[in-house]
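Report on one structure; see the data block that follows.
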Amino acid sequence: MLEPLNQEFTCGDGTKKTFILSKFPAIAGREIVTQYPITGAPKIGEYKTNEALMLKLMAYVAIETPNGPVMLVTPELVNNHVKDFETLLKIEWAMMEYNCSFFRNGSALRSLDSLKTRFLSSISKTLTELLAQLSGKASPPSGS
């Protein structure tokens with residue numbers, strides 16, 4: 001584990017559980033960080049890709065046992081040790097914050113807002129051009 005960090009999470013039922021977060025190695029981190037937010041976006045992302053990235057991310061999370069830390073490297077280990085989806089999402093977000101400075105200081109949200117503005121502008125321009133093309137080609141209804 002790279003730079004392990006014990007972090008306590010409040011589960012959906014109100015109980016608390018500690019997980020060990022760790023830093024991503026460079027190449028795995030690049031893969032996770034560049035794809036994770038986009039694949040999770042509603043109507044844009046791909047759930048199966050996002051799920052695979054979540055499992056890669058969770059492989060860098062561990063729980064402490066009497067025999068030492070156990071990395072959550074399989075779906076079964078994740079399901080056995082993470083009580084509910086809400087806790088899973090909290091861990092995922094904490095891992096992104098821990099591994100990426102731009103998630104910690106809010107610049108990721110500013111970047112997403114900027115990206116949204118550019119996309120909306122581009123979509124609006126494209127739709128306006130298409131509407132103009134369609135309305136120019138449409139023939140008026142006959143008055144018979």
* Please determine if K23 forms a cation-pi arrangement with Y98, meaning its NZ or CZ atom is less than 6.0 Å from the six-membered ring centre and no more than 45° off the ring axis. =>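 Judged by the rule, K23 and Y98 form a cation-pi pair.
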Distance check, rounded to the nearest 0.5 Å: [X] atom [atom1] versus [Y] atom [atom2]?
X	Y	atom1	atom2	answer
N50	M54	CG	CE	8.0 Å
H81	F19	NE2	CZ	8.5 Å
T18	F9	OG1	CZ	9.0 Å
M58	L77	CE	CG	10.0 Å
K48	T39	NZ	OG1	13.0 Å

* Asked: When hydrophobic residues are tied together by side-chain contacts of less than 4.5 Å, even through go-betweens, does L5 share a cluster with M1?
  -> yes
* **Same apolar cluster: V73 and L2, side chain cutoff 4.5 Å** =>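 Different clusters: V73 never reaches L2 through Ile, Leu, Val, Met, Phe, Trp or Tyr contacts under 4.5 Å.
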* Does a side-chain heavy-atom distance below 4.5 Å link T49 with Q35? ->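 Touching, per the 4.5 Å side-chain cut-off.
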Between [X] and [Y], which heavy-atom pair has the shortest distance, and what is it?
X	Y	value
Y60	A28	OH-CB, 3.4 Å
M71	A59	CE-O, 3.1 Å
G12	D84	N-OD2, 2.9 Å
I91	L21	CG2-CD2, 4.3 Å

* Asked: side chain to side chain contact (heavy atoms under 4.5 Å, CB included) with T34: which residues, sequence neighbours excluded?
  -> R30
* Sequence-distant partners of K83, side chain to side chain contact (heavy atoms under 4.5 Å, CB included), two or more places apart ->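 Applying side chain to side chain contact (heavy atoms under 4.5 Å, CB included) to K83 gives C11, D13, T15.
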* To do: Any chance you could lay out the side chain to side chain contact (heavy atoms under 4.5 Å, CB included) test for E31 and F24, step after step, and finish with the verdict?
  => CA-CA 10 Å; E31 178 184 8; F24 303 134; over 6 Å; no
Under the side chain to side chain donor-acceptor pair (under 3.5 Å) test, which residues partner [X], sequence neighbours left out?
X	value
E64	none
N80	none
E86	none

* To do: Count the heavy atoms belonging to other residues, nucleotides or ligands that lie under 6.0 Å from NZ of K56, then report whether that count exceeds 12.
  => no
* Kindly state each residue pair satisfying side-chain hydrogen bond (donor to acceptor under 3.5 Å, both in side chains) with at least one member in residues 2-11, sequence neighbours excluded. =>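 As it turns out, the side-chain hydrogen bond (donor to acceptor under 3.5 Å, both in side chains) pairs with a partner in residues 2-11, which skip direct neighbours, are T10-K16.
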* **Main-chain N/O of S22 paired with N99 side-chain donor or acceptor, under 3.5 Å** =>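 Here the side-chain-to-backbone pair exists.
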* Verdict with reasoning, K17 to V82, per side chain to side chain contact (heavy atoms under 4.5 Å, CB included) -> CA-CA 9 Å; K17 185 164 183 172; V82 180; over 6 Å; no
